[in-house]
Protein chains: 2
Amino acid sequence: MIQKRQLKVRDRQITSRRLISAVGSILAKKGFKGVGVNAVAREAGVDKVLIYRYFNGLEGLVTAFGKEGDFWPSSLELAGGDLYKFSQTPLEERLSVFAANFIRSLQKRPMTQAIMAWEIIETNELTDELERVREESIMEFFQMFFINDKTKIDLQAIIMLMGAAVSYLILRSRNIELYGGIDIRSEQGWNRLQEGIDQIVKGVLKSV
Amino acid sequence: MIQKRQLKVRDRQITSRRLISAVGSILAKKGFKGVGVNAVAREAGVDKVLIYRYFNGLEGLVTAFGKEGDFWPSSLELAGGDLYKFSQTPLEERLSVFAANFIRSLQKRPMTQAIMAWEIIETNELTDELERVREESIMEFFQMFFINDKTKIDLQAIIMLMGAAVSYLILRSRNIELYGGIDIRSEQGWNRLQEGIDQIVKGVLKSV
DNA sequence: TTCGTATATCACCAATCGGTGACATATTTC
DNA sequence: GAAATATGTCACCGATTGGTGATATACGAA
């Protein structure tokens with residue numbers, strides 16, 4: 001007896017998950033410009049109408065994707081794996097290690113980079129979510145480890161400047177090799193930047 | 001005698017200029033995503049086929065636009081209008097003034113901001129051009145005013161970090177209000193950042 | 001087994017995209 | 001003047017976009 005082989009199990013959960021993870025794949029592969037109903041459905045191997053049925057459209061799907069993700073490094077990761085040990089290291093070294101961890105945590109997250117690039121262009125539920133998480137996380141981390149009573153320097157502003165600089169250079173390294181004469185695609189270039197940050201930290205802390 | 005009124009003078013130069021400036025308008029108004037053959041032609045009040053005839057397509061038009069523009073601040077502007085006076089001010093103040101001028105020069109150039117945002121996403125003739133001009137200009141400026149013989153600090157890396165930070169925060173301010181607890185849309189927020197930069201400069205120069 | 005419902009497929013829509021060929025009219029050249 | 005050419009208009013193309021209604025089929029409950 002010939003039985004028509006069933007190619008796909010019908011399961012809303014599985015299909016939904018497929019769609020959600022397809023968003024991630026495309027984001028990492030093609031960037032945010034690739035994220036469209038047709039492309040996502042194709043990537044998921046699913047009909048696009050299901051995006052509307054299950055998520056009320058692409059916006060809803062992207063939102064669902066945003067809620068799944070661990071896009072932003074945790075405090076633990078930024079501290080280097082040991083919060084207590086981190087809290088006990090001298091401020092200067094703490095800042096240096098933090099910068100190093102921040103750089104690496106972004107470098108190894110192409111999906112996060114893609115969302116950060118998206119943020120530059122427009123806002124949506126996903127970028128808002130990353131925004132929210134980052135702002136919350138960075139402020140928590142700051143208050144945990146970098147509160148300074150000395151009023152002579154604005155450590156918060158300085159740290160955020162460093163964070164902004166690193167974010168920019170990470171994003172630019174996706175498209176260019178040289179920024180201000182520094183090779184932002186090579187290990188050496190980033191070592192140089194890291195040392196620059198260390199010099200800033202050292203200099204600034206002398207003023208405290 | 002009834003004479004059919006001539007609505008448009010036929011002049012390739014004028015039409016070409018219209019198309020080129022339409023690119024700028026759209027870029028400032030809608031961002032790079034708005035730059036397409038149809039939209040540009042509509043904005044210019046001209047048939048899109050002329051984009052192909054006169055510029056061999058949109059890419060060519062965008063390239064032509066890139067060659068027209070003064071997108072990047074000149075050395076004179078970054079120095080504050082007087083190169084000699086600038087060269088005579090103490091290094092610490094020179095760096096501080098440079099940062100302030102850099103910030104303002106970007107803040108008042110929405111078109112440049114739009115291209116910088118474009119650079120984050122993809123490369124084309126226009127972004128390549130801005131890239132080239134900036135790299136050249138910034139290196140020239142650096143070698144003119146900030147060459148440091150003292151080997152203890154890497155002034156180049158530090159300046160580029162500051163430039164990257166400012167670029168990032170300018171771009172982010174188009175979409176968000178708060179970055180790391182700092183209001184990047186208000187005068188006060190930028191004053192705070194400027195002071196942070198000043199503290200960095202002061203601290204770093206002490207190490208020289 | 002039967003039947004209702006959840007799930008998925010498919011065909012199709014209007015709008016927009018980049019791109020082009022045929023034609024009309026203004027301008028220049030002879 | 002007429003002819004040649006430069007310039008501009010218009011209608012249309014195929015591909016792709018986001019979005020939907022009708023229909024087929026698998027699954028769970030009876």
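In what follows, every heavy atom counts, from backbone to side chain, and hydrogens, waters and symmetry copies are set aside. Lettering follows sequence order; numbering is per chain, from 1.
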B:Q107 side chain reached by B:S173 side chain, heavy atoms, under 4.5 Å: no
For A:Y54 and C:dA8, is the shortest distance between a side-chain N/O and OP1 or OP2 below 4.0 Å? yes
B:Q13 or B:K48, whichever maps to the more 5' nucleotide of DNA chain D: B:Q13
Ranking C:dT27, D:dT20, C:dT20 by distance to the side chain of B:V9, first place goes to C:dT27
Between A:I14 (CD1) and C:dA6 (P), how many Å, whole number? 18 Å
Do B:R132 and B:E135 meet the salt-bridge criterion of a basic N to acidic O distance under 4.0 Å? no
Taking the basic N atoms (NZ, or NE/NH1/NH2) and the acidic carboxylate oxygens, is any pair closer than 4.0 Å for B:K30 and B:E43? no
For a quick check, tell me whether the side chain of A:R10 and the base of D:dT25 share a donor-acceptor pair closer than 3.5 Å. yes
Rounded distance in Å - CZ (B:F55) to P (C:dG19): 15 Å
Starting at atom CZ of B:R53, determine the distance to atom P of C:dT20, rounded to an integer number of angstrom. 12 Å
In whole angstrom, give the distance that lies between atom CZ of B:R42 and atom P of C:dA15. 14 Å
Hey, does the side chain of B:T15 come within less than 4.0 Å of D:dT7's phosphate (OP1/OP2), counting only N and O? no
Does a side-chain heavy-atom distance below 4.5 Å link A:F102 with A:L106? yes
Can you measure B:R12 atom CZ to D:dG8 atom P for me and round it to whole angstrom units? 9 Å
Both A:L50 and B:D47 contact DNA chain C. Taking the nearest nucleotide for each, which residue is further toward the 5' end? A:L50
Basic-acidic side-chain contact under 4.0 Å: A:E119, B:R172: yes
Grab the CG-P distance between B:N38 and D:dC12 for me, whole Å please. 17 Å
When rounded to whole Å, the CG to P distance for the pair B:N56 and C:dT20 reads 10 Å
Provide, to the nearest angstrom, the distance between the OH atom belonging to B:Y52 and the C1' atom belonging to D:dT9. 16 Å
